[in-house]
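Okay, so here's the structure we're looking at.
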Amino acid sequence: MRQPELTARAFDEEGFYKSATRSKPADPDDLGAGFDFDGRIAEDFKLASGTWVSVGPLRARFIAACAPLVRDVVIAGINRDELSALVVLDLDGCRLINPTLPSDDLAAIAATP
């Protein structure tokens, strides 16, 4: 579905995408090092169906249900049909479950059943 007016509103006057999340530099002296998630500007949102998603309680229940494997989660899905989640693993918690996990290979840790 192409909606140029809606697309235009998603960008600011300088052409940058307007996100509902805050971020901060991983290293303030080296912006090339990337950015870390620093919270949401507006926490709750609606799905395309009109259903409100109350992110705070959902986030807390998600983390509790996945303990000790998940340190944090970002819930997304504004104006979408489905929710999605960006999960931040708790590496120490993962090692409690499986002490043989590598200490320096995040991809291997995340791929381990």
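- A side-chain hydrogen bond (donor to acceptor under 3.5 Å, both in side chains) check over residues 54-67, counting only residues at least two apart or in different chains, returns the pairs Arg59-Asp72.
- Residues satisfying the side chain to side chain contact (heavy atoms under 4.5 Å, CB included) criterion with Ala108, sequence neighbours excluded, are Pro102, Asp105.
- Applying the salt bridge (charged side-chain N to carboxylate O under 4.0 Å, His left out) rule to Arg80 yields no partners; only residues at least two apart in sequence or on another chain are considered.
- Ile75 is connected to Ile78 through a chain of hydrophobic side-chain contacts under 4.5 Å among Ile, Leu, Val, Met, Phe, Trp and Tyr, so both are in one cluster.
- In terms of heavy-atom proximity, Ile109 sits nearest to Arg95 at CD1-NH2, 3.8 Å.
- Legend: residues meeting side chain to side chain contact (heavy atoms under 4.5 Å, CB included) with Thr100, ordered by chain and number and at least two apart, are Asn98.
- Nearest heavy-atom pair, Ala110 versus Leu89, reported as atom, atom and distance to 0.1 Å: CA-CD1, 3.8 Å.
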Exercise for review: Using the side-chain contact (heavy atoms from CB on, under 4.5 Å) rule, take Ile63 and Val73 through it: C-alpha gap first, then chi angles, then the decisive distance, then the call.
Suggested key: CA-CA 7 Å; Ile63 293 169; Val73 63; 3.9 Å; yes

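- Looking only at distances, a side-chain donor or acceptor of Thr7 sits under 3.5 Å from a matching main-chain atom of Gln3.
- Minimum interatomic distance between Asp81 and Ala48 (heavy atoms only, all atoms of both residues): OD1-CB, 3.5 Å.
- Grouped with Phe35 in one hydrophobic cluster are Leu31, the linkage being side-chain heavy-atom contacts under 4.5 Å among Ile, Leu, Val, Met, Phe, Trp and Tyr residues.
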Point to revise | Leu69 and Asp90: CA distance, side-chain angles, deciding distance, side-chain contact (heavy atoms from CB on, under 4.5 Å) verdict | key: CA-CA 5 Å; Leu69 303 175; Asp90 185 319; over 6 Å; no

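- Annotation: side chain of Val53 is not in contact with side chain of Asp44 (no heavy-atom distance under 4.5 Å).
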Exercise for review: Test Leu101 against Thr112 for side-chain contact (heavy atoms from CB on, under 4.5 Å), laying out the working first.
Suggested key: CA-CA 8 Å; Leu101 290 173; Thr112 302; 3.6 Å; yes

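- Listed here is the closest heavy atom pair of Trp52 and Phe45: CE3-O, 3.3 Å.
- Closest approach of Phe62 and Ala85 over heavy atoms only: CE1-CB, 4.1 Å.
- Evaluation of the side chain to side chain contact (heavy atoms under 4.5 Å, CB included) rule for Asp30 yields Asp27, Ala33 as partners, not counting sequence neighbours.
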